Structures are given as structure tokens and as C-alpha cells.
There are 2 protein chains.
Amino acid sequence: MDIPAIKVACSNCNLRELCLPMGLNSDEIVKLDRLVSTRRRIKRGSALFSVGDPFTSLYAVRSGFFKTCVTTPDGRDQVTGFQMTGEIIGLDGIVNERHACDAVALEDAEVCVMPFDQVEALSREFTTLQSHVHKIMSREIVRDHSVMLLLGSMRAEERLAAFLLNLVQRLHARGFSQSELVLRMTREEIGSYLGMKLETVSRTFSKFVDEGTIEVKQRYVRILDTEALKRIVTPCEGD
Amino acid sequence: MDIPAIKVACSNCNLRELCLPMGLNSDEIVKLDRLVSTRRRIKRGSALFSVGDPFTSLYAVRSGFFKTCVTTPDGRDQVTGFQMTGEIIGLDGIVNERHACDAVALEDAEVCVMPFDQVEALSREFTTLQSHVHKIMSREIVRDHSVMLLLGSMRAEERLAAFLLNLVQRLHARGFSQSELVLRMTREEIGSYLGMKLETVSRTFSKFVDEGTIEVKQRYVRILDTEALKRIVTPCEGD
DNA sequence: CGGAACATTGAGAGGGATCAATGGACGTGG
DNA sequence: CCACGTCCATTGATCCCTCTCAATGTTCCG
């Protein structure tokens, strides 16, 4: 191979403050480099893994945007999450050594492949990584619980407002605007995630536009009044 | 203290096939004994821990029945799970070193306290436990995703049917009947978990009774036609 | 026995689903 | 460059499932 080996390494990755190495010291990150040896490119619309695939690795999103979804035997499916840069995909596969959901790229994407046996070996070796892995899994559990809260006890407007706020917050942490975003998913995918039909998603967007809370042009969304969105999510702060 | 020290140990616990030690060999279980040193009794209606409490330990349910729930700022709450004998509570606390939900005993209960720093230390020491802890967390994530599917895309009857089937299945794994159960939670708690109002839960029970699928007498439920329940959850097997 | 907590059932209202039609954005190929 | 098809989004009209409000019944316990 004459292709100059681009060093695939956490230590020189500009995402290290968002990704697995977050909070590790430079010494520890160098050890991590042993773990992340390969990258994988995923085309828009194709799957990083699918239900039933043997589980071998966790994946860190390096670029692009993913959705994960589960499917009922009768074909309905539920988007369980959207993952952006620096987030970890694949934790669902650990229990049964097979993936329990599909992970699909919503735009051309690249992930760092982290073979799970190596993750385990390395986290036996040094405490910081061990703690880190545990926190990543725990964070996912807490996130899932807040989605359950959303699905179980919020109305359409509250769900969409919470969704938008969550998205901009995560994008902001990645250096993007606090008030503008481009949705990478369709209305139907948003609806699936939020437990509502795509028409309801669209109508709710239109409602927010009418109220002057946001501007929408297809996938582009501009938040004009963040406070209004927050009030929708939490109707009576202080009650 | 004159109270004879009852040995608190996984190695002589009759739940070891269901609980943390599941699948470990006797050698490894002896090591686990170092970890589980104390038990704690929780009265019906009181909390094992609450939102915001410092996180120190995971808990294995030894007897009794718990619910975990999260709360919105405006007071609505969502039951995120029901835990029975052998199941692990507290994983939500790992990320922020504070608990993110309340865990409340639905009947007088007893838990084994597993200080998390010791869990981490021991799982650095031996691989089987490490793998086990990872699987327990991953199982929780997969479970949460299936609850999201339930909340996001099922109707009331499907939700309740899925709930009943899940409960009896878990109870059966603990040696109880496949067709009879006593609910430990109120209609309101079931409703909160399933994202529906208590009246709807009650009505749906009545509907199942009318159809001859189950018998209900308050908290006591007898399943007369398991297949019918399964058909409700998966309306068109094969479509 | 009386009260509190929990459960059932009814009647009516409403939020979101469903069905359906239209319109815009984008990519491909002529 | 425009035509065309496809995918996606918007909007309207109607329906229905579940919520809400309300009354009654049951169980449990002091």
C-alpha cells in the first residue's frame, strides 16, 4: 500500500473532548490509541449494523449523523435515538452478543471502530477508562428514561419543543449555533422518535411558526424564542 | 452486638442464578462475597434512593418489589420500570454520581448493597464479573428501547398485553405461575409506566375480561388465554 | 364503623390519527 | 436547461382513541 498511513488515533483527533477520551489525560489517551485502530465509512441510508448482527465493536461517530431503531414483528418501527459526532453507538449489542437495533446513517458518515474485547481489556488495565465506559452506559440509560418520560407524559407540542431544545443543545456543545440547525432526519423519523405521526410533526412545526417561536424552511430551523420553547416543555415552572 | 451474624453472601444465596452472580463459577462467587457485605430493608412506600441522592452503590433486590420513576419540573412523573427479585437497581446514578430517579418499594423489601467502587475494583480483577456488569447495563438499555417502542407505537390494549406478558414471564423465571399473578402496583402506577391514565388501564383490563382473555379481581390477575394476549401485542404475525 | 385509598364505570370532549390532495425540492436523464 | 419522477412536507377534513370529569363501588385498616 502506498497510501500514506493517516494516523487513526484519539491523541490527534479533534473530537477528543466530546468522545470516548473525554477527560482522560494525554498519557491515557495514548493508550486509547491502541484500541481505535480502524475507521469505517457509511453511506447515507445504509446501516452500520442491523438487528441480529453479531456484536463485536462499539462505534464512535466521527462525522455524520445516525439514527438507531427497533422494529416490531409486524413492521412498525421506533427510532430510539439520533447520534451525532462524538457519541457512542452499539451498547445494545453487549447483552446478547448480537445487535438489538439497526443503526442507519442519515448522511455520509464515518465511525471509529472500537473492538469491545479490547475496550474491556483496556478498561481492566486502567481505571479512568473503566469509569468512563460505565458512565457512557449509564448516561444512555438516563437518556432513555427521559425519552420514556417524554413519550409517556408529554403532548405533541411539548415533545417537539423538548426535541428541538435537546438537538440545539447538543449541536451547541459541538460548536454550532444555539439558534439555528439543519435537521438531518425526515418528519417521519422525528415522528417515530417522538411517538407521533409525521403529519402531526409538520402541523406542530407550523404551529410554532405561527406563534413566532421558530422559523422553518424544510430541514432548516431557526429558533427565534428559546424561552418560549422552554415554557412549552415545562408549562408551569414553579407549580 | 449479640445478634448472630447471618452470613450475607452470594455464595449461599438462593437467588444467585437470577442475580449478579448468574453464570459465575463457585470460585468467582466467593470473591463476590467480599463485595456484598450489607443488606438494607425498605418499608413499603419508602424510597431506596431519590433523585439527587449521592450515588454510592448498586442494589440487588433480594425480596420485595420496586418501581423507579423520574419526575418533570411541573410534577408529572413517569414510572421507568418495575424491579423484582434478583434485578439490579441504581445504574442511573453512575453518570453524575447522583441518582437520576426515585426507587420506591411497592412492598416491604430487602436489597443487597453493592458499593460501586468495589464493583469496579473487583471487575478489573476478574473478567467474568466485568463482562457481567456490562451485560446488565446493556440489558437495561435494550429493555428501555423496547419500552420506547411500546410507548411510541402501541395502543392501550397492546401496551397492557405486553406488560402482562412481560410480568408473568419474569415471574415464571422466578418459579411462579405462568398464568397467575398478583400486581404489586396500582392502576395509576401501571398507567404511568405504560403512558396511559389509570381509567384507561382499568377499562382495558375490563375489556380483556369481557373477551375472556383474563380474570381480574383487584390486584389478582389470571391469564386464561396467553395466545390471545400475544396476538394483541403482535396483531398480524407474518405481515 | 367510618374513612382513606384504590378501582370501576359512564358521559362527553379533545388531541392526534387517518385519509387524501397539493406543493415544493432534488436528482436524473433527455 | 428543462421535463419528469421521486421523495418529502404541508394542509384540510373527518374520525376515533384516550383523556377528563364525575359518580359509585370495593377493600383495607385504624
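Since the structure is predicted, the reported quantities are computational estimates derived from the model, not experimental observations.
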Exercise for review: Quickly work out the E158(A) CD to dG16(C) P distance and round it to whole Å.
Suggested key: 9 Å
**Study point:** 5' precedence on DNA chain C between V201(A) and S206(B) (nearest-nucleotide basis)
**Key:** S206(B)
Practice item. Quick one, give me the B/S/- string for nucleotides 21-30 of chain D, reading 5' to 3', where B means a protein heavy atom under 4.0 Å from the base and S means that only happens at the primed atoms, P, OP1 or OP2. Key: B---------
Exercise for review: Provide, to the nearest angstrom, the distance between the CZ atom belonging to R44(A) and the C1' atom belonging to dC7(D).
Suggested key: 10 Å
Point to revise | Distance, rounded to the nearest Å, where R219(A) contributes CZ and dA9(D) contributes C1' | key: 10 Å
Practice item. Name the nucleic acid region contacted by T186(A), choosing base, sugar-phosphate or nothing; use a 4.0 angstrom heavy-atom cut-off, strictly under. Key: sugar-phosphate
**Study point:** Nearest listed nucleotide, side chain of K197(A), among dT18(C), dT10(D), dT18(D)
**Key:** dT18(C)
Practice item. Using atom types as modelled and distance alone, determine if a side-chain donor or acceptor of N96(B) lies under 3.5 Å from a backbone N or O of R98(B). Key: no
Review point. Does a nitrogen or oxygen in the side chain of T200(B) sit under 4.0 Å from OP1 or OP2 of dC19(D)?
Key: yes
Practice item. Specify the angle, to 10°, made by the local axes at the two ends of the helix from dC1(C)-dG30(D) to dG30(C)-dC1(D) when five pairs are taken at each end. Key: 40°
**Study point:** Value rounded to 0.5 Å, distance of OG in S57(B) from CE in M114(B)
**Key:** 8.5 Å
**Study point:** Basic-acidic side-chain contact under 4.0 Å: R40(B), E110(B)
**Key:** no
Revision key, fill the gap. Rounded to whole Å, the NZ-C1' distance (K207(A) to dG16(C)) equals 13 Å
**Study point:** Rounded interatomic separation in angstrom, taking CG from L160(A) and P from dG15(C)
**Key:** 17 Å
Practice item. Scan for salt bridge (Lys or Arg N to Asp or Glu O under 4.0 Å) pairs involving residues 99-109 of chain B, sequence neighbours excluded, and state none if there are none. Key: E107(B)-R184(B)
Practice item. Please report, rounded to the nearest Å, how far the P atom of dT20(D) is from the CZ atom of R155(A). Key: 9 Å
Review point. Of the candidate nucleotides dC19(D), dT18(C), dG16(C), which contains the atom at the shortest distance from the side chain of M196(B)?
Key: dC19(D)
Review point. Going from CD1 on I232(A) to CG on L160(A), what distance comes out if it is rounded to the nearest 0.5 angstrom?
Key: 8.5 Å
Check your understanding: Are the side chain of T71(A) and the backbone of G75(A) linked by a donor-acceptor contact shorter than 3.5 Å?
Key -> no
Point to revise | Integer-rounded Å distance: dC16(D) C1' and E157(B) CD | key: 13 Å
Exercise for review: Starting from P on dA9(D), measure out to CZ on F205(A) and report it in whole angstrom.
Suggested key: 9 Å
Point to revise | Qualifying ring-ring contact (aromatic ring centres under 6.0 Å, His included) pairs with a residue from residues 85-110 of chain B, counting only residues at least two apart or across chains | key: F49(B)-H99(B), F55(B)-H99(B)
Check your understanding: Any ion pair linking E87(A) and R139(A) (charged N to carboxylate O, less than 4.0 Å)?
Key -> no
**Study point:** Residue V216(A), side-chain atoms from C-beta onward, closest of dA17(C), dT10(D), dT9(C)
**Key:** dT10(D)
Practice item. If a pair satisfies salt bridge (Lys or Arg N to Asp or Glu O under 4.0 Å) and one of its residues is in residues 205-217 of chain B, list it, with sequence neighbours excluded. Key: E157(B)-K207(B), K207(B)-E211(B)
Review point. If you look only at pairs with a residue in residues 190-206 of chain A, which of them pass as a side chain to side chain donor-acceptor pair (under 3.5 Å), with sequence neighbours excluded?
Key: R143(A)-Y193(A)
Review point. OP1, OP2 of dC8(D) versus side-chain N and O of R187(A): anything below 4.0 Å?
Key: no
